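So the structure is just underneath, and the comments pick up after that.
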Amino acid sequence: MNIIHVVILAIIEGLTEFLPVSSTGHLVIASSIMGISKDEFVKLFEIVIQLGAILAVVVLYFKRFFRSIDFYVKLVIGVIPAVIFGLLLKKKIDVLLESPLVVAIAFIIGGVILLFVDDWFNKPTIDDEKEINHVTALKIGFFQCLAMVPGVSRSAASIVGGMTQKLSRKAAAEFSFFLAVPTMFGATLKDLYDFYKHGNITAADMHHDIKYLLIGSAIAFIVALMAIKSFITFLEQKGFKLFGFYRILAGVFIIVLYYTGNVLHTV
């Protein structure tokens, strides 16, 4: 892994983490195309740069995180399903993460859903996070668990989940961003703990490659700031169809590469 890889992967993470296109899927495919070996440091890098993307949400919505105690109660309730299923299915998820073909299929299925979701849920009654109750937060949390399959997109799953509960596109997207903070922060800390617990990364390794982690996190943070602001505006005006077409085309492209050449390989 070199500095060019660091920059490209960080940009992809920041750009796709909060869009309904699957950051994990894009990182899997980009790493595969660039021939980046999935060694322990690369796995750690992909975990750490998520923290940069998470920080972008906190900075952009700083005041919202001090609105009320109930705000945090809803986030805790919403993250419970991910905690439970994550602990139960982690080994199977890790296996799926190694397959570009799984990502491609998830891209296409998710894309088809996004083509029609605006028409399916076009009569929202909730326009603000304050109007979301605890039961609704839990239901959205269960939808978010679909993103444990690489290529599904945590953002898409939770936003669509919110729209099924009569949230407007903006309210669903913003609650998805808020829910990402404890979900991704918790998952990142758990993965970091596992790395150190099993001795996959030593202190010497961290010291040697700390610059890559810092650069990647900073880039992911800056790109995520721009992506979130642009996404909300675009979503209110245009909806999900463009993302649906993109996912379908990307999925087909991945399948073609997978079966016709050596450019794409299992990482």
Side-chain angles (χ1 to χ4, degrees), residues 12-31 43 46-47 49-51 53-54 56-57 74-114 117 121 136-165 167 169 172-191 220 224 227-228 231 235 240 243-244 246-248 250-251 254:
I12 291 173
E13 166 63 25
L15 184 62
T16 61
E17 182 60 56
F18 301 103
L19 302 185
V21 295
S22 176
S23 62
T24 301
H26 279 77
L27 289 174
V28 169
I29 299 306
S31 296
K43 293 178 182 178
E46 292 180 355
I47 292 168
I49 61 175
Q50 289 181 345
L51 293 176
I54 294 171
V57 175
K74 284 183 279 193
L75 294 188
V76 170
I77 292 173
V79 82
I80 287 174
V83 172
I84 295 173
F85 285 103
L87 292 174
L88 292 175
L89 303 175
K90 187 178 188 307
K91 291 184 178 179
K92 293 183 179 180
I93 293 169
D94 288 342
V95 173
L96 289 176
L97 283 171
E98 298 177 356
S99 173
L101 190 57
V102 171
V103 173
I105 294 172
F107 267 35
I108 294 172
I109 294 175
V112 172
I113 292 173
L114 290 184
V117 71
F121 310 110
T136 297
L138 182 62
K139 291 179 180 178
I140 295 173
F142 276 108
F143 271 91
Q144 180 178 239
C145 292
L146 295 172
M148 291 180 181
V149 177
V152 168
S153 170
R154 190 211 61 81
S155 178
S158 52
I159 292 174
V160 171
M163 292 173 67
T164 67
Q165 304 305 306
L167 272 68
R169 289 191 296 231
E174 290 184 339
F175 190 71
S176 171
F177 298 159
F178 301 148
L179 194 56
V181 175
T183 301
M184 294 166 57
F185 188 73
T188 299
L189 290 183
K190 175 64 167 59
D191 285 339
I228 291 171
F231 175 55
L235 195 61
F240 287 99
F243 295 107
Y246 169 79
R247 288 180 62 104
I248 293 171
I254 293 167

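For this chain, numbers begin at 1 and follow the sequence in order. Excluded from the calculations below are hydrogen atoms, water molecules and symmetry mates; all remaining heavy atoms, backbone and side chain alike, are included. Given the structure is predicted, the values throughout are model-derived calculations rather than measurements.
- A 4.5 Å side-chain heavy-atom check between Ser176 and Phe18 finds every atom pair outside the cut-off.
- Across all non-hydrogen atoms, the minimal contact from Ala82 to Cys145 is N-SG, 3.4 Å.
- Summarising the geometry, atom CZ belonging to Phe107 is positioned 4.5 Å from atom NE2 belonging to His26; distances are rounded to the nearest 0.5 Å.
- Atoms CZ and CZ, on Arg169 and Phe121 in that order, are 13.0 Å from each other to the nearest 0.5 Å.
- A pairwise comparison of heavy atoms in Ala147 and Ala157 identifies N-CB, 4.5 Å as the closest pair.
- Distance CD/Glu17 to CD1/Ile12: 12.5 Å, rounded to 0.5 Å.
- With hydrogens and angles left out, the side-chain atoms of Glu46 and Ser31 include a donor and acceptor closer than 3.5 Å.
- Between Leu114 and Gly244 the shortest heavy-atom distance is CB-CA, 3.8 Å.
- Between the side chain of Arg247 and the backbone N or O of Pro20 there is at least one donor-acceptor pair closer than 3.5 Å.
- In this structure the side chain of Leu146 never reaches within 4.5 angstrom of the side chain of Val160, judged on heavy atoms.
- Taking the salt bridge (Lys or Arg N to Asp or Glu O under 4.0 Å) definition, one finds that Arg154 meets it with nothing, sequence neighbours left out.
- Counting heavy atoms from C-beta outward, Ile159 and Val117 have side chains that stay 4.5 Å or more apart.
- Side-chain contact between Leu75 and Phe175 is present, with at least one heavy-atom pair separated by less than 4.5 Å.
- Between Glu13 and Leu27, the closest side-chain pair of non-hydrogen atoms falls below 4.5 Å.
- In this structure, Glu174 CD and Phe177 CZ are separated by 7.5 Å, a value rounded to the nearest 0.5 Å.
- Annotation for Phe185: atom CZ does not count as buried by contact number, only 12 or fewer foreign heavy atoms lying within 6.0 Å.
- At least one side-chain heavy atom of Leu138 sits under 4.5 Å from a side-chain heavy atom of Pro81.
- In this structure, Val83 and Ile80 have side chains that are not in contact, with every pair of non-hydrogen atoms separated by 4.5 Å or more.
- Annotation for Ala227 and Leu19: closest pair O-CD2, 4.3 Å, computed over non-hydrogen atoms.
- The only option from Val102, Val103, Ile109 that meets the side-chain contact (heavy atoms from CB on, under 4.5 Å) definition with Ile105 turns out to be Ile109.
- Annotation for Ala56 and Ile228: closest pair CB-CD1, 4.3 Å, computed over non-hydrogen atoms.
- In this model, no donor atom of one side chain and acceptor atom of the other lie less than 3.5 Å apart for Gln144 and Ser158.
- Scanning all heavy atoms of the two residues, the minimum distance from Leu235 to Ala173 falls at CD2-CB, 3.8 Å.
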